[in-house]
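Just so you know, these numbers use all the heavy atoms, side chains as well, and skip hydrogens, waters and symmetry mates.
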Amino acid sequence: MKGVRLSLRGLTENWKLKLAALGLAVLLWAVVSAEQVTTQWVPVRVEPVVRDPEYVLTGAPDPAQVRVRFTGPGRDLWELALDRPVLELPVRDVGEGRTFALDPQMVRLPGGVDVRAQDVRPAVVRLGLERLVSKEVPVRVRIGAGSRARYLVDGVSVLPPTVRLTGPAATLARVRAVATRPFEIVPDDSTFTRRIGLDTAGLGGVTLGRPEVRVAGRVDRRVERVLPGVPVETPPGLRVTPRAVEVHVQGGERALAAFVGGAVRVVVVRDSVPAAVPPAGIDVPVRLEGLPPGVGGRSVPVRVHVTPDGAPRPR
């Protein structure tokens with residue numbers, strides 16, 4: 001027991017001094033390790049840079065990450081674990097090649113580290129590359145929903161009417177036209193002129209020859225008029241119920257201002273009436289005639305009831 005007490009006393013005596021000595025030893029070991037030149041494999045991301053103007057990258061490289069062997073002081077190798085380097089692969093004169101060799105000199109190191117790249121594994125990477133093509137497609141005007149509800153637009157012109165696209169052949173094969181961004185019309189009297197940007201949504205990897213076009217057109221405020229009591233015309237030998245309907249006409253404000261409502265006729269569609277109409281009658285559609293260009297309309301109701309002229313009138 002006395003020996004045990006002596007051993008414990010030896011361990012606990014001057015414990016602060018002993019702990020400081022241990023800490024100093026660890027610090028010296030860390031300093032020596034940090035300055036010691038060593039070798040370490042570090043994962044590095046591959047970043048292709050296509051410098052052939054006729055090709056575009058179509059996907060991530062395979063593999064997207066490689067292992068690079070670095071040599072340098074331990075302190076700087078620790079830095080690489082925090083600030084990962086990148087292997088920048090320049091791609092020139094593609095031709096038929098799709099597999100490219102990697103070189104340690106392609107590694108782009110962060111600033112302030114004194115290390116050297118010595119080896120890359122694997123030493124080759126495969127890239128998906130596609131040749132670029134160009135084609136002209138028409139520009140389609142897209143007017144906002146608010147303006148379509150309030151205005152009638154015609155005589156729309158686009159300058160230039162087409163735009164040149166450049167991109168992968170497979171992508172361009174699916175593009176039939178490029179739309180403008182939706183825009184609302186602020187009419188200047190009866191016309192409008194706007195410079196509108198082109199919508200590039202869904203055109204990833206495609207470049208446009210111009211970012212915008214000039215759109216112009218004629219515009220008129222959309223209005224509606226109601227014509228009450230317009231008689232319904234029927235083929236000979238038939239009676240109709242009701243005898244008159246309301247006609248709702250829609251069009252531009254200027255067009256309707258010059259519109260003469262008496263020119264509209266409501267006619268039973270002859271082809272919808274069978275050769276022999278049953279005594280109880282049938283419901284048939286009507287058609288509007290005499291509407292000027294640019295004016296639309298509908299009857300209320302859209303169908304009427306016809307009976308033979310000699311049949312008893314409904315009570």
Side-chain angles (χ1 to χ4, degrees), residues 19-135 164-175 200-209 211:
L19 184 60
L22 178 61
L24 181 59
V26 172
L27 179 61
L28 289 174
W29 175 83
V31 170
V32 171
S33 298
E35 297 301 327
Q36 185 177 359
V37 175
T38 185
T39 297
Q40 184 173 339
W41 289 91
V42 177
V44 172
R45 177 171 55 88
V46 178
E47 187 177 282
V49 180
V50 181
R51 293 173 178 164
D52 188 329
E54 294 186 359
Y55 286 85
V56 65
L57 196 66
T58 59
D62 181 22
Q65 184 174 275
V66 295
R67 295 168 62 243
V68 178
R69 182 161 58 90
F70 292 96
T71 298
R75 178 188 62 254
D76 289 339
L77 291 177
W78 296 341
E79 288 289 334
L80 292 185
L82 300 176
D83 190 3
R84 292 290 177 87
V86 173
L87 191 149
E88 190 175 278
L89 171 62
V91 181
R92 302 182 180 89
D93 302 325
V94 174
E96 299 300 321
R98 295 296 180 269
T99 302
F100 300 87
L102 303 179
D103 189 282
Q105 302 303 315
M106 298 175 181
V107 177
R108 191 174 68 229
L109 293 169
V113 294
D114 184 20
V115 298
R116 186 161 52 91
Q118 292 187 317
D119 195 7
V120 181
R121 301 287 177 83
V124 295
V125 66
R126 182 169 181 81
L127 301 180
L129 294 160
E130 190 170 351
R131 185 182 291 275
L132 295 174
V133 297
S134 296
K135 75 173 184 179
R164 187 172 186 81
L165 306 181
T166 301
T171 302
L172 290 191
R174 299 190 296 267
V175 181
T200 59
L203 295 178
V206 176
T207 58
L208 279 65

To the nearest 0.5 Å, how far apart are OH in Y55 and CG in D93?
-> 10.0 Å

For T58, check side-chain hydrogen bond (donor to acceptor under 3.5 Å, both in side chains) against everything at least two apart and list the hits.
-> none

Under the side-chain hydrogen bond (donor to acceptor under 3.5 Å, both in side chains) test, residues paired with R45 that sit two or more places apart | E47

Using side-chain contact (heavy atoms from CB on, under 4.5 Å) as the criterion, list what pairs up with A60, not counting sequence neighbours.
-> none

Compare all side-chain heavy atoms of P110 with those of L80 and state whether any distance is below 4.5 angstrom.
-> yes

side-chain hydrogen bond (donor to acceptor under 3.5 Å, both in side chains) filter on R98, not counting sequence neighbours, yields none

Counting only pairs under 3.5 Å, give me each side-chain donor-acceptor contact of residues 117-128, with atom names and distances, residues two or more places apart or in other chains.
from	atom 1	to	atom 2	distance (Å)
Q118	OE1	R69	NH1	2.9
Q118	OE1	T71	OG1	2.6
D119	OD2	R121	NE	3.0
D119	OD2	R121	NH2	3.0
R126	NH1	T99	OG1	3.4

Under the side-chain contact (heavy atoms from CB on, under 4.5 Å) test, residues paired with D103 that sit two or more places apart | Q105, M106

Can you tell me how far CD of Q40 sits from CH2 of W78, rounded to the nearest 0.5 angstrom?
-> 10.0 Å

Find the distance between CD (E130) and CG (L172) and round it off to the nearest 0.5 Å.
-> 9.0 Å

Walk me through it: do F100 and L129 pass the test side-chain contact (heavy atoms from CB on, under 4.5 Å)?
-> CA-CA 12 Å; F100 300 87; L129 294 160; 3.8 Å; yes

Considering residues at least two apart in sequence or located in another chain, which fulfil the side-chain contact (heavy atoms from CB on, under 4.5 Å) criterion with R174?
-> T171

Out of curiosity, L89 CG to R51 CZ, how far, rounded to the nearest 0.5 Å?
-> 9.5 Å

Those residues that, when tested against E88, pass side-chain hydrogen bond (donor to acceptor under 3.5 Å, both in side chains) (two or more places apart) | R108

Note, V107 side chain near V86 side chain (heavy atom, < 4.5 Å) = no

What heavy-atom pair brings L57 and G59 nearest, and what distance separates the two atoms?
-> CG-O, 3.4 Å

Only counting residues at least two apart or in another chain, list the ones meeting side-chain contact (heavy atoms from CB on, under 4.5 Å) with L132.
-> V56, T166, P168

Salt bridge (Lys or Arg N to Asp or Glu O under 4.0 Å) contacts in which one or both residues fall within residues 52-65, not counting sequence neighbours | E54-R131

Could you tell me whether the side chain of V175 reaches within less than 4.5 Å of the side chain of V206, counting heavy atoms only?
-> no

